[in-house]
Amino acid sequence: MSTHDTHSHELEPHGDGTLPDRFENPGHPEHHQRLGDLDPKANKKAERQVLALFTVSVVGTIAFAVAYFALGDPTTDPTKIASATRTENLWLGLTLAFALLGIGTGAVHWAKTLMNDHEMSEERHAIASDAESREAALQALQDGAEDSGISRRGALKGAVIGALALFPITIALPLIGNIGGDWNVGKLKHTMWKKGTRLARDPSGRAIKASDVTIGSVFHVIPENLEEAEHPLDEKAKAVVLLIRLDPRDIKSEQGEGWSYDGIVAYSKICTHVGCPVALYEQQTHHLLCPCHQSTFDVADSAKVVFGPAKRALPQLPITIDDEGYLIAQSDFHEPVGPSFWERKK
Amino acid sequence: MTTTSTPTPAAKAAGATADYLDQRTGIGVVVKTFARKIFPDHWSFLLGEIALYSFVTILISGVFLTMFFVPSMGETTYTGPWSSMQGVEMSQAFSSTLRLSFEVRGGLLMRQVHHWAALIFMAAIVTHMMRVFFTGAFRKPRELNWVVGFTLLILGMLAGFSGYSLPDDVLSGNGLRIADGVIKAVPLIGSYTSYFVFGGEFPGQELIPRLFTVHVLLIPALILALIGLHLLFVVLHKHTQYPGSGRTEKNVVGYPVLPVYAAKAGGFFFVVFGVIALMGATMSINAVWNYGPYDPSPVSAGAQPDWYMLFLEGSLRLMPGQAEFVTWGGYTVSANIIIPAMIVPGILFTMLAAYPFIEAAVTGDRREHHILDRPRNRPFRTAFGVSIVVAFFILALAGSNDLIATHFHLSINDITWAFRVLIFVGPWLSFVITKRICLGLQRKDRELVLHGHETGRIVRFASGEYIEVHKPLDAHERWLRVQHEAIRPLEIEPAEDSRGVRRKGYALDRMRQRVSQVFYEDRVEPVTPAELTASHSHGEHDALEADVHEPTQVGGGSHLVEPDAETGVEGRNPQI
């Protein structure tokens with residue numbers, strides 16, 4: 001199979017003096033002997049290496065079991081749980097890795113150094129079936145259709161298709177009926193906030209007095225009665241509010257006349273883009289930044305979008321104070337909070 | 001080897017078992033067909049294997065996790081050993097994840113192995129797909145298998161997303177919140193679809209159990225079935241092979257399953273699993289006990305999804321919000337979400353899935369292909385593939401724009417703007433550059449075939465001229481560089497026949513020709529024997545005997561030595 005000398009004769013012209021359009025495939029290259037094929041010592045050495053690698057695996061497995069029992073339960077001392085868990089994870093993981101890598105490298109090394117490495121060639125066959133088989137297949141289908149009589153009995157065909165098409169309704173109907181809960185998407189437009197609901201700190205639920213809110217400070221706010229809701233998390237996902245006190249002279253605009261109290265403004269914390277909590281407040285610029293997609297809202301200017309993928313301002317919660325000086329909502333939000341949806345303005 | 005005459009007890013037992021099985025299954029035929037089946041060897045064929053083996057790793061570690069994970073959103077108060085969470089209200093899903101991490105021994109290792117394996121699974125799928133794309137392995141008869149593989153990519157993403165959402169921590173909860181926001185943006189049915197997924201309002205009580213079923217039953221079953229189909233196709237089609245001496249469209253050259261691939265591939269499973277175990281041992285991933293249980297209010301800055309979802313995140317971040325609008329009649333269309341989250345990925349993925357069919361249509365090529373293309377020999381395809389990869393890469397980077405901002409002290413707004421420009425310019429530029437590089441490499445191949453290797457040996461002629469001796473390529477080196485066919489653009493019949501009558505169907509033909517020109521106008525043809533002979537004869541009269549180096553004549557042209565003079569011990573020229 002030595003072909004390195006084909007160079008010269010390949011370029012010899014055909015009998016009629018013309019050259020072929022393309023080069024010829026020179027055929028399989030010569031086989032290279034490995035060191036282990038030539039030198040019995042190298043061969044023996046490779047065998048020892050394979051043996052050693054499999055041994056590493058066995059040692060790894062034993063070490064795993066030893067580590068499992070020797071390290072003991074990491075939860076026995078709660079003060080050291082972090083380091084004990086880390087140690088356990090490291091030792092179990094490393095020994096497991098040795099157990100696996102020993103097998104893997106051993107097998108691969110065996111294949112590469114000791115197994116027959118003569119390349120072999122196998123014929124490919126056409127994927128398509130031969131004409132005769134195709135003919136027979138077609139015939140079989142025709143015979144089958146013929147025997148069923150489906151072509152002659154049109155009504156039967158319709159009945160079968162109709163029945164098959166309809167029966168999934170029996171599964172789909174109760175599934176679709178229940179899977180969306182009560183299917184009342186109108187709930188997306190309302191939150192727990194009502195006239196008189198006190199603003200409370202998240203997560204403690206302690207009501208906030210206007211006098212507690214100093215200029216420049218930010219409060220994460222929930223309705224005081226949040227825990228009374230049937231599903232507090234669902235309500236919280238809509239009702240969370242950011243409360244910020246600005247210098248009243250800095251306020252350029254608000255979404256409604258008298259919706260703030262003495263420079264204290266309350267805006268929905270749910271981003272109008274895809275609903276992440278808008279959590280980062282920059283005191284100097286009065287900007288709120290959503291950490292998920294960087295929509296930026298200007299709190300001093302009706303929480304309008306100044307940058308990013310959100311379109312709409314964060315809805316403002318109209319607030320005032322009650323007789324005891326606690327901040328309360330004047331009403332619910334005047335528009336749906338959170339991400340846009342098709343019928344939000346309907 | 002005396003076993004044939006006097007069988008050992010073990011051999012006897014094996015023979016009896018084989019006989020038992022064969023009488024009941026007829027497995028002998030299968031073993032005969034497949035035991036010595038030939039597979040070609042190349043490192044890039046391992047990428048698909050990594051995907052398969054990391055999936056097996058996922059299954060093994062995943063079964064372990066299901067023994068302890070409680071897929072419930074039911075509220076509970078944590079009383080376990082992790083002190084910072086003691087007394088915190090959380091879902092049972094989160095609480096059982098903490099239990100898995102701290103109380104189940106080896107549980108944290110299995111969690112980390114599971115998560116790392118998922119990341120590697122996706123990385124292996126993507127790189128395997130790139131290998132298949134750039135080498136043209138998707139061509140007939142393998143187009144359907146490309147689609148199967150593409151579906152596996154999508155399923156892998158869904159498996160990953162549904163999986164990392166299960167612990168019900170703050171990070172994954174915000175990921176679900178984003179998913180909810182994207183779902184709600186769908187015109188007409190958005191809010192209903194959101195209710196469909198969450199069983200009512202977000203986050204509801206249903207999501208974790210539903211995700212669990214999807215994650216441990218639905219998607220794995222589909223993935224397993226499709227992997228089976230994928231491998232069945234591989235066996236049916238026989239593996240593709242890289243071009244080389246002795247390899248043709250009619251054969252497959254390599255090593256037999258038994259014993260070589262049984263050892264190599266079987267061993268490689270343990271290597272993949274072992275490396276993942278090493279990662280699980282030494283690299284922390286998804287430390288949910290630091291994030292806390294899901295709560296709609298808190299969120300951490302610098303939060304990222306797993307890498308294969310980053311492109312979606314980046315796409316969302318880049319889109320300016322102005323695109324949202326309200327229709328006549330008062331319906332809200334969130335184009336600021338629909339475009340980046342559905343239309344852009346939709347276009348990219350559709351192009352990817354449909355490419356084999358597009359290329360086949362443009363080429364009009366109905367032949368089977370089993371010899372892979374060298375990427376340089378298909379400049380349009382390679383450039384197109386690179387530009388899609390670049391588009392995904394830019395989107396993924398844009399998904400990390402906040403981290404780029406904090407690490408490099410740059411303005412987040414400037415970075416976002418830079419990416420907004422780059423997502424249009426980058427793919428185009430990378431297309432142009434890649435195509436040029438491919439054509440350049442092809443020219444380099446031609447140059448090598450025609451003029452041979454530089455030997456670094458400088459010879460002075462009597463006339464004073466210096467030349468460098470070039471050594472021609474041997475037949476094997478040359479074959480690699482001349483074996484491909486340069487596809488030429490379609491040639492069509494003229495618009496009017498000899499009598500000046502307009503031909504029917506000309507417009508369609510012209511269009512097909514135009515597309516074909518886009519694909520194949522720029523090309524470098526492989527060297528033909530005639531060209532090589534011409535190049536040789538040009539320098540023939542001044543050819544040098546390699547060992548003599550006798551300057552004979554002044555003049556240009558290539559100076560050739562016979563390869564034999566330069567061959568190494570094994571009788572072949574070293575590859576340069």
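So that the names make sense, note that chain A is the first sequence line, chain B the second, and so on, each numbered from 1. Predicted model only: the values in this text are computed from it and were never measured.
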Chain A: which of B:Pro141, B:Pro256, B:Pro203 shares the most heavy-atom pairs with it under 4.5 Å?
B:Pro203
Interface moiety of B:Glu249 toward chain A, non-hydrogen atoms closer than 4.5 Å
backbone
Which portion of A:Ala84 sits near chain B, non-hydrogen atoms under 4.5 angstrom:
neither
Checking B:Val275 against chain A: side chain, backbone, both or neither under 4.5 Å from a heavy atom?
both
Considering only heavy atoms, which portion of B:Ser191 lies under 4.5 Å from any heavy atom of chain A: side chain, backbone, both, or neither?
both
Check whether B:Arg210 gets within reach of chain A through its side chain, its backbone, both or neither, counting any heavy atom under 4.5 Å.
side chain
Under 4.5 Å from any heavy atom of chain B, what part of A:Val108 do you find: side chain, backbone, both or neither?
both
Output for pair (A:Leu90 CG, B:Leu109 CG), nearest 0.5 Å, gives 10.0 Å
Side-chain donor-acceptor contact under 3.5 Å, B:Thr416 with A:Gln294:
no
To the nearest 0.5 Å, tell me how far B:His370 NE2 sits from B:Gln241 CD.
9.5 Å
Name the region of B:Ile337, side chain, backbone, both or neither, that has any atom closer than 4.5 Å to a heavy atom of chain A.
side chain
Is it the backbone or the side chain of B:Asp41 that comes under 4.5 Å from a heavy atom of chain A, or both, or neither?
neither
Can the positive tip of A:Lys345 be found less than 6.0 Å from the middle of the six-membered ring of B:Tyr331, inside 45° of the ring normal?
no
Would you please indicate yes or no on a ring centroid separation below 6.0 angstrom for A:Trp91 and A:Tyr68?
no
